[in-house]
Asks: 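I have a structure here, written as structure tokens, and I will follow up with some questions on it.
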Amino acid sequence: MQLLIVEDDTTIAAGLEYSLQGEGFSTVLCHDVASGRSAIETTDFDLCLLDITLPDGTGYELCKLIRKKSNCPVIFLTALEEEVNVVMGLDMGADDYITKPFRLRELISRIHSVLRRYQKPQEDLTGYTIGQIRVNRQEAKVYKNDQEVALTALEYKLLLTFIQNEGHVLSRAQLLEGIWDVAGDFVNDNTLTVYIKRIRDKLEEDAQKPQVIKTVRGLGYKLGD
């Protein structure tokens with residue numbers, strides 16, 4: 001996969017490029033709007049990382065250009081903590097943002113999470129049924145035996161992560177990547193155990209013998225057979 005990085009801080013840019021290439025990504029590095037615009041116009045990227053404040057403009061300009069050309073996912077890198085700047089970026093079609101200073105592992109996890117959402121067609125998730133459980137993604141509602149089940153936002157997001165990977169064993173690390181909280185912080189490993197237990201209590205016929213979300217000893221969890 002090819003990623004575009006537009007970041008004027010050379011130290012941050014070099015660290016991003018090195019880490020992302022180490023993850024197997026191909027990268028194109030730009031330091032300003034002009035070079036970023038040229039790259040966007042001539043290359044199809046799988047994901048773009050855009051700094052908001054650049055020497056000759058803003059990442060918003062590049063995001064608008066990307067949205068005119070394609071549905072490529074965009075993550076903003078920003079040192080601006082004011083909510084208005086975050087909202088503006090998301091309103092323009094950005095998929096996520098991360099505030100500087102950030103940990104590279106967090107950013108890489110965020111990238112993988114965004115890419116997974118784009119790799120799974122949304123229409124596949126509009127309606128989903130397993131056993132007596134039914135999920136209506138359009139309404140963001142979950143039903144058991146046709147009775148609505150109240151899930152918290154993180155419980156629902158965790159359930160969708162399982163649905164997107166039905167039949168595949170997910171490690172705890174993969175699940176943690178899939179359930180960032182609204183502040184963009186990691187959900188820790190102990191909390192993940194609690195959320196899985198809560199979902200089982202709400203959805204399983206017998207939470208002690210789960211048939212919906214199964215434990216694969218030594219590997220992780222999976223939904224379905």
Side-chain angles (χ1 to χ4, degrees), residues 1-7 12-29 40 43-52 59 62-63 66-67 70-78 86 89-90 93-125 128 137 153-193 195-196 199 213 216 219-224:
M1 288 191 173
Q2 189 150 348
L3 273 58
L4 172 66
I5 305 168
V6 185
E7 168 61 63
I12 293 176
L16 284 173
E17 188 173 43
Y18 177 81
S19 297
L20 291 171
Q21 289 178 355
E23 290 290 313
F25 294 108
S26 297
T27 59
V28 173
L29 178 59
I40 291 165
T43 307
D44 292 326
F45 293 100
D46 295 290
L47 184 141
C48 297
L49 296 173
L50 308 178
D51 188 15
I52 289 183
L62 296 177
C63 185
I66 292 166
R67 283 292 163 261
S70 71
N71 196 37
C72 172
V74 173
I75 297 178
F76 275 122
L77 309 175
T78 176
V86 171
L90 297 177
D95 297 270
D96 208 344
Y97 73 93
I98 188 164
T99 304
K100 303 174 188 176
F102 53 81
R103 290 174 290 181
L104 286 171
R105 291 308 312 174
E106 292 183 13
L107 177 60
I108 289 169
S109 292
R110 198 81 67 94
I111 288 171
H112 285 303
S113 179
V114 169
L115 287 173
R116 280 198 300 272
R117 294 203 300 269
Y118 274 74
Q119 290 165 359
K120 183 70 174 182
Q122 292 293 337
E123 56 268 26
D124 290 351
L125 299 179
Y128 176 84
R137 184 179 169 88
L154 271 173
E155 289 168 357
Y156 179 70
K157 195 169 184 179
L158 179 58
L159 180 60
L160 287 185
T161 300
F162 277 114
I163 291 172
Q164 287 174 311
N165 297 277
E166 180 183 3
H168 296 281
V169 177
L170 295 175
S171 68
R172 296 179 70 86
Q174 288 174 312
L175 290 170
L176 288 168
E177 287 179 11
I179 55 171
W180 296 90
D181 70 17
V182 292
D185 298 324
F186 272 120
V187 175
N188 67 43
D189 195 65
N190 290 333
T191 304
L192 175 62
T193 300
Y195 279 116
I196 290 176
I199 292 176
I213 297 175
V216 181
L219 295 176
Y221 304 88
K222 75 170 182 176
L223 182 144

Asks: In sequence, state the C-alpha distance, the side-chain angles, and the governing distance for Val28 and Gln2, and then conclude on side-chain contact (heavy atoms from CB on, under 4.5 Å).
Replies: CA-CA 8 Å; Val28 173; Gln2 189 150 348; 3.3 Å; yes
Asks: Might you point out which heavy atoms bring Pro73 and Asp95 nearest each other, and give the distance in Å?
Replies: CA-OD2, 3.1 Å
Asks: Where do Leu192 and Arg172 come nearest, in terms of heavy atoms and distance?
Replies: CD2-O, 3.7 Å
Asks: Donor-acceptor check, side chain of Arg67 to backbone of Cys72, threshold 3.5 angstrom: yes or no?
Replies: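 Yes, the answer is positive, given that a donor and an acceptor are paired below the 3.5 Å cut-off.
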Asks: Run Gln174 and His168 through side-chain contact (heavy atoms from CB on, under 4.5 Å) and show every step you take.
Replies: CA-CA 11 Å; Gln174 288 174 312; His168 296 281; over 6 Å; no
Asks: Which value, rounded to the nearest 0.5 Å, describes the distance between Ile12 atom CD1 and Leu104 atom CG?
Replies: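 So the CD1 of Ile12 and the CG of Leu104 are separated by 9.5 Å.
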Asks: Working to the nearest 0.5 angstrom, can you tell me the gap between Tyr128 OH and Glu166 CD?
Replies: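 Between Tyr128 OH and Glu166 CD, I get 3.0 Å after rounding to 0.5 Å.
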Asks: With a 4.5 Å heavy-atom cut-off, do Phe45 and Ile66 have their side chains touching?
Replies: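 Side-chain contact under 4.5 Å: no.
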Asks: Just verifying a value: how many Å separate Leu50 CG and Ile5 CD1, rounded to the nearest 0.5 Å?
Replies: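 Atom-to-atom, Leu50:CG and Ile5:CD1 are 10.5 Å apart.
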Asks: Would you sort out whether Ile196 and Leu158 count as a side-chain contact (heavy atoms from CB on, under 4.5 Å), showing the intermediate values?
Replies: CA-CA 8 Å; Ile196 290 176; Leu158 179 58; 3.9 Å; yes
Asks: Can Arg105 and Ser19 be counted as having a side-chain donor-acceptor contact under 3.5 angstrom?
Replies: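 Side-chain D/A pair, Arg105 to Ser19: absent.
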Asks: Run the side-chain contact (heavy atoms from CB on, under 4.5 Å) check on Leu47 and Ile111 step by step: do they pass?
Replies: CA-CA 8 Å; Leu47 184 141; Ile111 288 171; 4.1 Å; yes
Asks: Just verifying a value: how many Å separate Gln21 CD and Leu29 CG, rounded to the nearest 0.5 Å?
Replies: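 It comes to 9.0 Å.
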Asks: With rounding to the nearest 0.5 angstrom, report the CG to CD1 distance, Leu107 to Ile75.
Replies: 6.0 Å
Asks: Considering only heavy atoms from C-beta outward, does the side chain of Leu159 approach that of Ile163 to under 4.5 Å?
Replies: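 Side chain of Leu159 against side chain of Ile163, heavy atoms only: contact under 4.5 Å found.
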Asks: Looking only at non-hydrogen atoms, find the nearest pair between Glu155 and Ile199 and report the distance.
Replies: O-CD1, 3.4 Å
Asks: In Å and rounded to the nearest 0.5 Å, what is the CG to OH distance from Leu170 to Tyr221?
Replies: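 Here the rounded value is 11.0 Å.
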Asks: If you compare all heavy atoms of Leu154 against all heavy atoms of Tyr195, which two are closest, and at what distance to 0.1 Å?
Replies: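 So the minimum-distance heavy-atom pair works out to CD1-OH, 3.3 Å.
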Asks: List the atom of Tyr97, the atom of Thr99, and the distance in Å for their closest heavy-atom pair.
Replies: CE1-OG1, 3.8 Å
